[in-house]
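Everything on this sheet refers to the single structure shown next.
All values below were derived from every heavy atom in this structure, side-chain atoms included, with hydrogens, water molecules and symmetry-related copies excluded. All residue numbers refer to positions in the sequence shown, counting from 1.
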Amino acid sequence: MDYAKCAAEIFSHLGGRENLVSAAHCATRLRLVTVDNSKVDMKALENVEGVKGVFSSNGQLQLIIGTGTVNKVYDEFLKVTGMTAATKDEVKAAAAARQPLPQRLIKALGDVFVPILPAIVASGLMMGLVEALGNAIPSFAGSDWYGFLDLVSGAAFAYLPVLVAVSAARVFGGNIFLGGVLGLCMIHSSLINAWSVASYEGAIPTWQLLFFTVKKVGYQGHVIPVIIAVWLMCQIEKRLHKIVPEVIDLFVTPLVTVLSTAFLTFTIIGPIFSTAETYILAFAQWLITVGFGIGSLVMGAIYPLTVVCGLHHMYNVIEAGLLAEGGLNIWMPIASAANFAQCGACLAVALKSKNPKNKTIAIPSALSAALGITEPAIFGVNLRLVKPLVCGMIGGAVGAMFGAIMGIGANAYGVTGIPGFLIVDSHKLLPYALLLVISGGVAFALTWVVWKEEEAPAPASEKAPAVPAAPAAKAAPVVYAPLSGSVVARTDIPDETFASGVLGDGVGIEPTVGEVVSPFDGVISTVAETRHAVGVTGPDGVEMLIHVGVDTVAMKGEGFQALVKEGDAVKKGQKLLAFDLDKIRAAGHPTVTTVLVTNPDDYSGLTVEAGAAVSAGEKLLSLC
């Protein structure tokens, strides 16, 4: 590969040097921040030799190039553009600073709600199971076990403001324990439970605080007032840390922060934003149910566009509010229909396309979308081809309207597609299955009929030889396990890029020992600066990427040791990397290690030879 040519071609499609803000790379991707993405020729970038995919995420333009190659292309890119090297964190900061204010606000909402998803999903699943058992076995509904399980399943929703407050304090840079105290104040037991106000007998008791009359009512069922209050708390805390002398900062800052924020919350923020949230939820419910599902039809159609714009995290607020009010999440069927429709459209492309590159990307992307992760399908396939995206929007609209008509709802949020069966109301399992069939089926059928693959034009500079040369037969290499542990299917690797297959095919391994060995005799093609990933090329041409953990680049090499360097010749079983599993877990990163063949198109097939568990040096993959 001509790295200089690849870098020059990439640069030629970016709108000029004045349109570039920052550039960096990770183990597999070139990460760019541009002034105006509309000046970038995305289609031309996708056709650059060496570029395996292009997408925009969180203000970054990311070009998937691959291990052992991206660093060389990046070096040439710096020469061509005259830019200086930047770190991944600097690029993230530059991208965030360039995002419009509404997008930054919505990203902040996503950052607040995503970490508490496990608690919400677990509680919703348990709530659905307990309710189903109570309906199926009447005697169980009055038992002690039912009462105990009902308590456990409802805890996350009963104390949701506390979870939101802690998460918001982390996002806004405040003390998470002060955030937790503020959340507890808003649902304190001395206040009337917000869900009980309608049945409360007599006048609601009040406090007279200065010239404010404050009702002694909690904020159960509300999330927006909590987020606003914690944001204000964080601003006050940061300001006080700057002006309060260090000798008294330890007790003055927390005291003043909590007291002032609590006062402002109960007198101004709570009353205003709880009312606003009530109107927002009422509008959302009206939109979903209005006109025989017409509102849901519209939302099902435009949902993928909000994903493209990064605005879909705002729906978490609506879903959390619907659940906190004690009802069902009736927004989930809209998201599920929209996501499964993109799966149907992407699957049609995969089956109809004759382009190997399209198939390689579309098949795993469709599977990912079926499981509720649509970014690979939308950015990697449907948006690029346009017509599949539109067909998916139509399928999502039809499915969402069906969901509204059937009154489908869920006991949690954050899960769609096939996993949505875990949280959907137990009385609506069959209608939910029909919703997926309708949305995915309509999108698949329309894409199959409407979309036609364009034939790639032959390069003008190349002339076909008079007598085509027969391709050289490539040896069928064997890849041996580079570490010991449990084997994980590639599609189950908890990283969208690896799971989608864009970077290659292979498996994940949940390691039991913090040691990576060479999977065959070969040459080290790359070692990540942060020592968390290594590339190895075999003598028969197979190219391997071994990436320890997920997002471990953020650890900046802490807990990792490289035992080889780029260009070293290595033997099968030779130690390449050492890493500390406990440090990876303590940093909050999954330890699943990705083992990928990054040039699978050079072979006709890949077979996983290992069983559920494998030891380092055992046969793992076969290529033919």
(request) State the CG-CE distance between Asn411 and Met332, to the nearest 0.5 angstrom. (result) 9.5 Å
(message) Tell me which pairs pass ring-ring contact (aromatic ring centres under 6.0 Å, His included) where either residue lies in residues 497-519, with sequence neighbours left out.
(response) Phe498-His547
(request) Could you list the residues that satisfy side chain to side chain contact (heavy atoms under 4.5 Å, CB included) with Ala489, not counting sequence neighbours? (result) Thr491, Asp492
(message) On a heavy-atom basis, which atom in Pro364 and which in Ala499 lie closest, and how many Å separate them?
(response) CB-O, 4.1 Å
(request) Not counting sequence neighbours, which residues clear side chain to side chain contact (heavy atoms under 4.5 Å, CB included) with Pro590? List them please. (result) Pro494, Val550
(message) If the condition is salt bridge (Lys or Arg N to Asp or Glu O under 4.0 Å), which residues does Glu529 pass it with, not counting sequence neighbours?
(response) none
(message) Are the side chains of Phe560 and Ile584 in contact, using a 4.5 Å heavy-atom criterion?
(response) yes
(request) Mind checking salt bridge (Lys or Arg N to Asp or Glu O under 4.0 Å) for Glu609 and listing every partner two or more places apart, or none if nothing turns up? (result) none
(request) Report yes if some heavy atom in the side chain of Leu63 is under 4.5 Å from a heavy atom in the side chain of Val73; otherwise report no. (result) no
(request) Just jot down the side-chain hydrogen bond (donor to acceptor under 3.5 Å, both in side chains) partners of Thr253, sequence neighbours excluded, or say none. (result) Asp249
(message) Is it the case that over 12 heavy atoms from other parts of the model lie below 6.0 angstrom from the CD atom of Glu566?
(response) yes
(message) Is the shortest side-chain heavy-atom distance between Phe579 and Thr591 below 4.5 Å?
(response) no
(request) For Arg585, enumerate each residue passing the salt bridge (Lys or Arg N to Asp or Glu O under 4.0 Å) test, keeping only those at least two apart in sequence or located in another chain. (result) Asp582
(request) Mind checking side-chain hydrogen bond (donor to acceptor under 3.5 Å, both in side chains) for Lys565 and listing every partner two or more places apart, or none if nothing turns up? (result) Asp568
(message) For Ile243, is the CD1 atom crowded, meaning more than 12 foreign heavy atoms sit under 6.0 Å from it?
(response) yes
(request) Please examine the side chains of Tyr159 and Ile187, heavy atoms only from C-beta on, and report whether any two atoms are closer than 4.5 Å. (result) yes
(message) How close do Ala119 and Ala156 get, counting heavy atoms only, and between which atoms?
(response) O-CB, 4.1 Å
(request) Identify, with sequence neighbours excluded, every residue that meets side-chain hydrogen bond (donor to acceptor under 3.5 Å, both in side chains) alongside Gln235. (result) none
(request) Answer yes or no: are there more than 12 heavy-atom neighbours, outside Lys575 itself, under 6.0 Å from its atom NZ? (result) no
(request) For Leu483 and Glu515, work out which heavy atoms get closest and say how close. (result) CB-O, 3.2 Å
(request) Just grab all the side chain to side chain donor-acceptor pair (under 3.5 Å) pairs involving residues 166-189, residues at least two apart or on different chains. (result) His188-Ser190
(message) With rounding to the nearest 0.5 angstrom, report the CE to NE2 distance, Met555 to His532.
(response) 10.5 Å
(request) Give every residue pair that meets the side chain to side chain donor-acceptor pair (under 3.5 Å) criterion with at least one member in residues 144-154, sequence neighbours excluded. (result) none
(message) Quick check: do Phe520 and Met544 have side-chain heavy atoms less than 4.5 Å from each other?
(response) yes
(request) Can you sort out the partners of Arg490 under salt bridge (Lys or Arg N to Asp or Glu O under 4.0 Å), two or more places apart, ordered by chain and number? (result) Asp505
(request) Mind checking the CG-CG spacing from Leu232 to Leu182? Nearest 0.5 Å is all I need. (result) 9.0 Å
(message) Looking at Ser486 and Ala613, would you say the former's side chain and the latter's main chain have a donor-acceptor pair under 3.5 Å?
(response) no
